Enquirer: 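The structure under discussion is supplied below as structure tokens; questions concerning it will follow.
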Amino acid sequence: MASGLPADPVGAAEWLIGSTLSHEGAGGIIVETEAYRDDDPASHSYKGSRAGIASMFACAGTLYVYRSYGLNWCLNIVCRPGSAVLIRAIAPTQGLERMRQRRGVDDPRLLCAGPGRLTQALGITGALDGVALQHSPLTLAPRSGGLEVVSGPRIGIARAVDRPWRFGLAGSPFLSRPFPG
DNA sequence: ACAGAGATCATCT
DNA sequence: GATGATCTCTGTG
């Protein structure tokens, strides 16, 4: 990939921490991600391609956006066919006022702390599902300096809970939940 | 602070 | 008919 996204979702999830993600002037710094691999029982792609998740089997850099629990949109970036990284939280830096309006809350810590919240704050919907990142209204800028990344068990899944494939920026107040330890 | 329930829908059994 | 990679509100300690 042009952006240097690792093909392995676990490496990509860690790599994405600290990157800047924005959509039409609203966005911030990615502080929380999760990796989902095609050989991973917790992944939508585990049982192979089927209707509704086709974009997860597209080429690296494709956006996979799906609806969760009937109401929330969740944003993933495919890093290899069948494997993707779920963007779980960002530290809001641009377009604060716009995001507050869309979310209907004032507390900046509640603007983008969670996969459903961040898509709502940025105005991301299923319309972006299957679109290539570089041809989408989304902008992704890799991190510049080093930073401390922590990892832990993923959230909200029933299978393969033991895999520590959730990554976060150490000490960030914008995480959807704190990391154990 | 923590626990439980409801909202809502594509996909699967 | 059941199941989620969720969020919010409400009731209780």
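Every heavy atom of this structure was used, including side-chain atoms; hydrogens, water molecules and symmetry mates were not. Treat the numbers as computed from the prediction; the structure is a model and nothing was measured. Proteins get letters first, then strands, A, B, ... in listed order; numbering begins at 1 in each.
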Enquirer: Could you state whether Y46(A) and F57(A) fall into the same hydrophobic cluster, counting links through intermediate Ile, Leu, Val, Met, Phe, Trp or Tyr residues with side-chain heavy atoms under 4.5 angstrom apart?
Expert: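 Per the 4.5 Å side-chain linkage, Y46(A) and F57(A) are not co-clustered.
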
Enquirer: Shared ILVMFWY cluster between I90(A) and L75(A), side chains joined below 4.5 angstrom?
Expert: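 I90(A) clusters together with L75(A).
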
Enquirer: Is there a side-chain hydrogen bond (donor to acceptor under 3.5 Å, both in side chains) between Q120(A) and R103(A) once you walk through the steps?
Expert: CA-CA 6 Å; Q120(A) 185 184 16; R103(A) 291 273 300 114; 2.9 Å; yes

Enquirer: Let's test this: given Watson-Crick or G-U wobble pairing with both distances under 3.5 Å, identify the partner of dT13(B).
Expert: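 Checking every strand shown, dT13(B) finds no partner, since no pair has both distances under 3.5 Å.
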
Enquirer: Flag the pair Y36(A) / L86(A) as yes when at least one side-chain heavy-atom distance between them is below 4.5 Å, and no otherwise.
Expert: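 Yes, at least one pair of side-chain atoms sits under 4.5 Å.
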
Enquirer: Does atom CZ of R100(A) have more than 12 heavy-atom neighbours, drawn from other residues, nucleotides or ligands, at distances under 6.0 Å?
Expert: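 Enclosed: over 12 neighbouring heavy atoms sit under 6.0 Å from CZ of R100(A).
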
Enquirer: With both distances under 3.5 Å as the test, what is the Watson-Crick or G-U wobble partner of dA5(C)?
Expert: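 Here dA5(C) is not engaged in any pair, so there is no nucleotide opposite it.
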
Enquirer: Enumerate the protein-to-nucleotides 5-8 of chain B contacts in which both atoms are nitrogen or oxygen and the separation is below 3.5 Å.
Expert:
from   : atom 1 : to     : atom 2 : distance (Å)
dT8(B) : O2     : Y69(A) : O      : 2.7
dT8(B) : O2     : G70(A) : N      : 3.4

Enquirer: Would you say CD of E148(A) has more than 12 non-hydrogen atoms from neighbouring residues, nucleotides or ligands within 6.0 angstrom?
Expert: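 Atom CD in E148(A) is not crowded, with 12 or fewer foreign heavy atoms closer than 6.0 Å.
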
Enquirer: Any side-chain heavy-atom pair from L111(A) and R102(A) closer than 4.5 angstrom?
Expert: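 L111(A) does not reach R102(A) side chain to side chain.
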
Enquirer: Can you tell me how far C1' in dA10(B) sits from the matching atom in dT8(C), rounded to whole Å?
Expert: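 Each nucleotide's C1' atom is 22 Å from the other's.
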
Enquirer: Looking at every strand, decide which applies to I155(A) at a 4.0 Å heavy-atom threshold: base, sugar-phosphate, or nothing.
Expert: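 Since only primed, P, OP1 and OP2 atoms lie under 4.0 Å of I155(A), the category is sugar-phosphate.
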
Enquirer: Would you indicate what R103(A) reaches in the nucleic acid, counting non-hydrogen atoms under 4.0 angstrom: base, sugar-phosphate, or nothing?
Expert: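 Sugar-phosphate: the residue R103(A), judged by heavy atoms under 4.0 Å, touches backbone atoms but no base.
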
Enquirer: Need two values: the first and the last nucleotide of DNA chain C, 5' to 3', having an atom under 4.0 Å from any heavy-atom of chain A.
Expert: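 From 5' to 3', the first and last contacting nucleotides are dG4(C) to dT8(C).
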
Enquirer: With DNA chain C as reference, determine whether I157(A) or V105(A) sits nearer its 5' end, using the nearest nucleotide of each.
Expert: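 Here I157(A) is the residue nearer the 5' end.
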
Enquirer: When you compare the side chain of L16(A) with that of L5(A), does any pair of heavy atoms fall below 4.5 Å?
Expert: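 Yes, side chains in contact.
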
Enquirer: For the CZ atom on R80(A), are there more than 12 heavy atoms of other groups (residues, nucleotides or ligands in this structure) within a distance under 6.0 Å?
Expert: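 Yes, CZ of R80(A) has more than 12 neighbouring heavy atoms, counting only those of other groups under 6.0 Å.
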
Enquirer: Given that both distances must come in under 3.5 Å, which nucleotide forms a Watson-Crick or G-U wobble pair with dT8(B)?
Expert: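 When the pairing criteria are applied, nothing turns out to pair with dT8(B), so the answer is none.
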
Enquirer: With a non-hydrogen cut-off below 4.0 angstrom, is R159(A) in contact with a base, only sugar-phosphate, or nothing?
Expert: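 Touches sugar-phosphate only.
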
